[in-house]
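Comments concern the structure below.
Whatever order the structure lists them in is the order used to number ligands and atoms, beginning at 1.
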Amino acid sequence: MTRQKILIDTDPGVDDALAILMAHAHAHADVVGLSIAAGNVGLNHTVANGLKLVEVIGADTPVFAGCPSPLVLPAEDAAFVHGLDGFGDTDYAVATRRASSEHAALAILRLSHQHAGELTLVALAPLTNLALALRLDPTLPSRIAKLVIMGGAVTGRGNTRLIPAEFNISFDPEAAHIVFSEWPQFTLVDWEATMAHGVDFSRWDALLAGADARAIFYRSISHKTLLFAQGERREKMLTADALAMAVALDPGIVTKVERRHVAIELQGTLTRGATVVDWEQRGGQMPNADIVLAVDQQRFEAMLATALGASEITPV
Ligand code: RIB
Ligand code: CA
C-alpha cells in the first residue's frame, strides 16, 4: 500500500492535538510538516503546542509558524474551550526543539513542489496560511492531491456567537473566501458532522485511560476541554479536527457525502463567516465541496484508539 504524505495546517488546540496524534500513528501515513496558524489561541502558544506534541510523539516533523492574525479583521480566540495556552494550562515543560525559520505559507508552497501530486493537505485551523499561500501562488491546488477542510456549518448550526458561523471560518472569513472560491475541489468536514459523531464520555475516558505516553499527555491537556463540554451539558465529546483527520486518512469511513457549491458570507451582521451551501444547486456555480454528512462511527473511534495506544479498549 503506498504511503500517504500529510501536511497539517493547524492551531493546536486540543482537538487538533488528537488529529495530529492520529496522523502520526497511522500505519500508512507520513506527516511532512505542521504549518501553524493562530486561532484557538495566539500563535506563540499554537507553535509551542505543535512543537511539544511532536516531542511527545517522538517524531522529527518540522513545524512552521504562520500568520499571527486574520487577514483583515481581528477575531476572538477559543481559549475558553482549550485553555489560555491552548493545551489545558498544564504548564508542560516546553519542547527543546524550535520551529523552522521558514514561514508556514512558504513551507506549504515548497512542500507542494517537493511532493507534487502526492500531498494530502488537512486544514484544521482558520485558513489564513492557506489563503496567503494561494495569493503567493495561485497554481498551488494543481499540486495538491487532496484538500480536507475542517470548517463551516452547512445548515447554519454553527458554534460561535454568530449563530450560523463555525469557529475556523468565522475567525478569518476573508481567508476562507479566498480558499473556497479559488480551490476547485475539496472535502469539507463541518461542525454539524462533528456534532453527529461525538464520542460517549465513557468511551472517551476509556480511550484516554492507557499508560501510553500519548494517552497520558493527551489526558492532561484535554481535561479542561472535557470539563467545558460537560459544563455545556453536551452528551458526548466533540472532536472536530479528529473527525476531519479520520476522513483524510481513511476516506472509506465516509458513509454519506454530497457535492455542492459552498460560499462564505463576508458582510452579514448576523451571518459573517457563515458557509452558504447551494443545496438545490440553483446558483449555477460549479460545486466545489464534497460535504461529509456521515461516517462509520466504529471505524472513526478505532482510529482514535490507535492514536492513543488504546486499541481494543472496551467502554467501562
Ligand atoms: O469549530 C471547531 C474548530 O475550531 C476546530 O478546528 C477547533 O480546533 C477550532 O479551531
Ligand atoms: Ca483546530
Check your understanding: Are Leu132 and His103 side-chain neighbours, meaning at least one heavy-atom pair lies under 4.5 Å?
Key -> yes

**Study point:** Residue pair Pro62 / Glu102, side-chain heavy-atom distance below 4.5 Å
**Key:** no

Review point. Any side-chain heavy-atom pair from Val31 and Ile8 closer than 4.5 angstrom?
Key: yes

Point to revise | Residues Arg143 and Asp137 bridged, charged N to O under 4.0 Å | key: yes

Is there any protein N/O under 3.5 Å from an N/O of ligand 1, and what does the full list of such pairs look like?
from     : atom 1 : to     : atom 2 : distance (Å)
ligand 1 : 1 (O)  : Asn159 : ND2    : 2.9
ligand 1 : 1 (O)  : Glu166 : OE2    : 2.5
ligand 1 : 4 (O)  : Asn168 : OD1    : 3.3
ligand 1 : 6 (O)  : Leu124 : O      : 2.9
ligand 1 : 6 (O)  : Asn168 : ND2    : 3.0
ligand 1 : 6 (O)  : Asp241 : OD1    : 2.6
ligand 1 : 6 (O)  : Asp241 : OD2    : 3.0
ligand 1 : 8 (O)  : Asp15  : OD1    : 2.6
ligand 1 : 8 (O)  : Asp15  : OD2    : 3.3
ligand 1 : 8 (O)  : Asp16  : OD1    : 2.8
ligand 1 : 8 (O)  : Asn40  : ND2    : 3.0
ligand 1 : 8 (O)  : Asp241 : OD2    : 3.0
ligand 1 : 10 (O) : Asp11  : OD1    : 3.4
ligand 1 : 10 (O) : Asp11  : OD2    : 3.1
ligand 1 : 10 (O) : Asn40  : OD1    : 3.1
ligand 1 : 10 (O) : Asn40  : ND2    : 3.3
ligand 1 : 10 (O) : Asn168 : OD1    : 2.9

Practice item. Determine whether Phe64 and Leu111 make a side-chain contact, defined as any pair of heavy atoms from C-beta on separated by less than 4.5 Å. Key: yes

All N/O donor-acceptor pairs, side-chain side in residues 151-162, below 3.5 Å, sequence neighbours left out:
from   : atom 1 : to     : atom 2 : distance (Å)
Thr155 : OG1    : Glu192 : OE1    : 2.6
Thr155 : OG1    : Glu192 : OE2    : 3.1
Asn159 : OD1    : Phe167 : N      : 2.9
Thr160 : OG1    : Leu162 : N      : 3.3
Thr160 : OG1    : Leu162 : O      : 3.0
Thr160 : OG1    : Ala165 : O      : 3.0
Arg161 : NE     : Glu76  : OE1    : 3.4
Arg161 : NH2    : Glu76  : OE2    : 2.8

Exercise for review: Using atom types as modelled and distance alone, determine if a side-chain donor or acceptor of Glu265 lies under 3.5 Å from a backbone N or O of Gln267.
Suggested key: yes

Point to revise | Contact check, side chains of Asp212 and Leu308, non-hydrogen atoms, under 4.5 Å | key: no

Check your understanding: Counting no waters, how many protein N/O/S atoms sit under 3.0 Å from the Ca ion (ligand 2)?
Key -> 5

Please report, to 0.1 Å, the donor-acceptor pairs under 3.5 Å made by any side chain of residues 228-246, with sequence neighbours excluded.
from   : atom 1 : to     : atom 2 : distance (Å)
Lys236 : NZ     : Asp200 : OD1    : 2.9
Asp241 : OD2    : Asp16  : N      : 3.3

